[in-house]
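What follows is one structure encoded as structure tokens, with my remarks underneath.
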Amino acid sequence: MYFLLSALGFSAACDKHENEPGQVCMYGTPRIDFRIRGKVSDPAGNPIPGIEVRGGQGSYSDVEPAFTDKEGLYDIAGSAFPAAFDLSFNDIDGPENGGEFEPKTLSVRFADDEQTQPGEGGWFQGTYARTGADVTLAEKNVAEEE
């Protein structure tokens, strides 16, 4: 039943007789491809290895999590909705990386000069790249948690 309704909905939405001449009918969501690089440090400027970097709140299935290396550097890439989205930084290994750090969120909205490839029309709006997206994580106050 649901299949039939979805097929009829698609058919009705894309009926050529109801659309303006030359109008393209598509289902989808606008998206961009992106790549973001940066460094994660503690308040003293020391790099933090092993920090998990995720795109969005689980709603960006085309974004695999990244992890900081021994120099605190990360490189995350994927596809996302072109409006502002968030990168979350989480210390998932606790004290193994030299301390325990509070999670942090970085809001990302790309500027026109960060576009490296134009869109192809339709829903794909281009490729964007940003470097220097550096983050400082505050240390957790372990005494308050106990």
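Basis for what follows: all heavy atoms, side chains included, without hydrogens, waters or symmetry-related copies.
Taking CG of L137 as the reference point, atom CG of D42 lies at 8.5 Å (rounded to 0.5 Å). Residue T131 holds its OG1 atom at 14.0 Å from NZ of K39, rounded to the nearest 0.5 Å. Note that OG1 of T68 and CG of D75 are 12.5 Å apart. Values are rounded to the nearest 0.5 Å. Separation of atoms CZ (F85) and OG1 (T105) is listed at 12.5 Å; rounding is to 0.5 Å. The CG atom of N46 sits 8.5 Å away from the CD1 atom of I48 when rounded to the nearest 0.5 Å. Rounding to the nearest 0.5 Å places CZ of F67 at 4.5 Å from CD1 of I92.
Not less than 6.0 angstrom separates the ring centroid of F101 from the ring centroid of F89.
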For R37 and R35, run side chain to side chain contact (heavy atoms under 4.5 Å, CB included): C-alpha distance rounded to whole Å, both residues' side-chain angles, the deciding distance at 0.1 Å, then the answer. CA-CA 7 Å; R37 297 179 192 176; R35 183 174 192 178; 2.7 Å; yes
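A pairwise comparison of heavy atoms in D91 and G99 identifies OD2-O, 3.4 Å as the closest pair. Taking every heavy atom of both residues into account, A138 and P43 meet most closely at CA-CG, 4.3 Å. Annotation for N90 and S88: closest pair ND2-OG, 3.6 Å, computed over non-hydrogen atoms. When all heavy atoms are compared, the tightest approach of E102 to E139 is CG-O, 4.2 Å. Between I36 and A133, the shortest heavy-atom contact is CG2-CB, 3.6 Å. For the residue pair P118 and Q115, the shortest heavy atom distance occurs at CA-NE2, 3.5 Å.
Between T116 and Y128, every side-chain heavy-atom pair lies at or beyond the 4.5 Å cut-off. Residues S79 and F34 fail the side-chain proximity criterion, which asks for heavy atoms closer than 4.5 Å. The shortest side-chain heavy-atom distance between D33 and R31 falls under the 4.5 Å cut-off. A 4.5 Å side-chain heavy-atom check between V108 and L87 finds at least one atom pair inside the cut-off.
Under the 3.5 Å distance criterion, with hydrogens and angles disregarded, a donor-acceptor pair is assigned to the side chains of D86 and S107.
E52 is linked by a salt bridge (Lys or Arg N to Asp or Glu O under 4.0 Å) to R54, counting only residues two or more places apart in sequence or in another chain.
Both cation-pi conditions hold for R130 and F110: the charged atom is under 6.0 angstrom from the six-membered ring centre and inside a 45 degree cone around its axis.
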